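Everything quoted here is computed from the prediction, not taken from an experiment. So that the names make sense, note that chain A is the first sequence line, chain B the second, and so on, each numbered from 1.
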Protein chains: 2
Amino acid sequence: MVRKNAINIEIEKVNFKTMVEVVEINLLEFLKNNSFRPGDILPSEVELATSLGVSRNVLREALSRLRMMGMVESKKRRGMVLSSPDILGAMERVMNPLIIGANTLKDIFEMRLTLEMGMTDILYIRKTKKDIDELEIIAQNEKAKRVDEVFRIKNEIDFHGKLYQMTGNVTMQRFSNLLMPVFGYIANLEKIPKISAVSHLDLVHLLRSGSREDFRKGMRTHLESHFAKLQKK
Amino acid sequence: MVRKNAINIEIEKVNFKTMVEVVEINLLEFLKNNSFRPGDILPSEVELATSLGVSRNVLREALSRLRMMGMVESKKRRGMVLSSPDILGAMERVMNPLIIGANTLKDIFEMRLTLEMGMTDILYIRKTKKDIDELEIIAQNEKAKRVDEVFRIKNEIDFHGKLYQMTGNVTMQRFSNLLMPVFGYIANLEKIPKISAVSHLDLVHLLRSGSREDFRKGMRTHLESHFAKLQKK
DNA sequence: TAACTTTGATATGTAGTACATAATTACTAT
DNA sequence: ATAGTAATTATGTACTACATATCAAAGTTA
């Protein structure tokens, strides 16, 4: 390949893809274009490799990525089958606040606030007495315990985690579990004020006998310190 | 290995991990335990392979996964450096409504509703006249165009996509872009009613001169048909 | 004939070798 | 001292080999 000038060189470098990356893209395209569905059996590794014109090595490195996402499962002799990917699986592995960029951390924190402000409607559709009772127990526990920093964060995670669980939306719940470490990390950095005008226990009572609007406003007040911080920037 | 009974066999099968999976976990642990930070240089492939007791082949299949997440970047001779992962990258690749499980699709759809109900506060912090003007143009466009099903979905995506963009949260915006195909897919299946009590244009006006509460209620009414469907189940 | 056993074939999983390529370092000659 | 060149090193790709699990078919026994 001839390199004509600096600009071309730059473009080449930016656009340069290893064969593994290319094969990964081609595989995804192949599956989409041929309308593969979960349960369908893929061609064997050697077939794929030869038809893509790469070594089995490269093909397997690309397949390894699909396997990580749960999109491909394989058994010896039976071959590979396409399956429903686990859309959060990959995220769960890399969710380490220490290596994620600061901007992304901020974004994630805001998403958590957004989800909790928006969960009211679904919460009111799915809430049960049993769940509210359990939530109340969590909220009461924190009063009993020592007002320790570590415990406080744990309580915060327990309480809000229970709320997510009450939505009956397992994907949202798992997503929130990813967000929690980030919350803990930021809470630790920023030393969030210890008291809010609306406590967890207040929220429980609102959820039990208040209107949707009441609960939403309560949640907004409960999260006020976080929103105030956003406003400053 | 002795197989005592059916239960043990089952347990063995569930817990069975390939060496690639084990190495992937070990690598992530290794990086976490040794406090690697973005920019740090990893040991060479041969060093890692020998220290983990596997072939370079297996190691590279595991590394390929980290590379996919953007967690590892490598240049010839220079070696591999740890970098900030792209937490949504993997999700973007597998977000194909046709292969994602029905339950997950439902969850994703609910998350979209939750985010849009919860985005009000951040929207009011970040909104600018310029953005609202642009949003209005989008809302007006849809009146001009033919009330075609395909166009309707496109408009819906344009409008709500613009809202996400207005939050200034690129992660949330990217996330919403993932949700949109799912929305389109479900909208196509369920034949969502064409008119809502609160139109896009109404929302624009609320956002421009109404209070937070006004906008939130407007959005709730705008999404009513979706919430009504949730209630039935 | 039916049930069971054995054997063979096949696809994935892992290891190892080889070599190309890019980039850094060391060396050499002027 | 500096420009140019050679050696070094780590990744990227290819190929071979073989172990292992599993399915299928052939063969065997009751």
For dG13(C), take OP1 and OP2 only and decide whether either is under 4.0 Å from a side-chain N or O of R67(A).
-> yes

Between dA15(C), dG13(C), dT24(C), spot the one nearest the side chain of R78(B), thanks.
-> dT24(C)

Hey, does the side chain of S74(B) come within less than 4.0 Å of dG12(D)'s phosphate (OP1/OP2), counting only N and O?
-> yes

Gap between atoms CD1 and P, on I41(A) and dC23(D) respectively (whole Å) = 11 Å

State, without any angle test, whether Q173(A) and S176(A) hold a side-chain donor-acceptor pair at a distance under 3.5 Å.
-> no

Compare side-chain N and O positions of S44(A) against OP1 and OP2 of dA11(C) and report whether any pair is under 4.0 Å apart.
-> no

What orientation do H160(A) and H200(A) show, parallel under 30°, tilted 30 to 60°, or perpendicular over 60°?
-> perpendicular

In whole angstrom, give the distance that lies between atom CD of E21(B) and atom C1' of dT14(C).
-> 14 Å

Calculate the interatomic distance between L42(A) atom CG and dT12(C) atom C1'; express it in whole Å.
-> 13 Å

To the nearest Å, give me how far apart CZ (F16(A)) and P (dT21(C)) are.
-> 12 Å

Taking dA10(D), dA17(D), dA14(D) as options, the one with an atom nearest any side-chain atom of R56(A) is dA17(D)

M19(B) side-chain proximity, nearest of dA14(D), dT14(C), dT12(C) = dT14(C)

Measure from the side-chain heavy atoms of K76(A) and tell me the nearest of dC15(D), dG12(D), dA11(C).
-> dA11(C)

Send over the distance from L52(B) CG to dT14(C) C1', rounded to a whole Å.
-> 15 Å

Should the pair K32(B) and F36(B) be classed as cation-pi, given the thresholds of under 6.0 Å to the six-membered ring centre and 45° from the axis?
-> no

Given dT13(D), dA14(D), dT11(D), the nucleotide with the shortest approach to the side chain of T18(A) = dT13(D)

With no hydrogens and no angle check, do the side chains of T167(B) and R126(B) hold a donor and an acceptor under 3.5 Å apart?
-> no

Relative to the 5' end of DNA chain D, which residue comes earlier, N57(B) or P43(B), by the nucleotide with the nearest heavy atom?
-> P43(B)

What is the distance from CG of L66(A) to C1' of dT12(C), rounded to the nearest Å?
-> 15 Å

Separation of atom CE in M80(B) from atom P in dA10(D), rounded to whole Å | 10 Å

Salt bridge present between D86(A) and R174(A) (N-O < 4.0 angstrom) = yes

So which one's nearest nucleotide on DNA chain D is more toward 5', R77(B) or K75(A)?
-> R77(B)

Return the value, rounded to whole Å, for the distance between atom CD of E45(A) and atom P of dT14(C).
-> 11 Å

Out of dT14(C), dT13(D), dA15(C), which has the shortest distance to the side chain of E61(B)?
-> dT14(C)

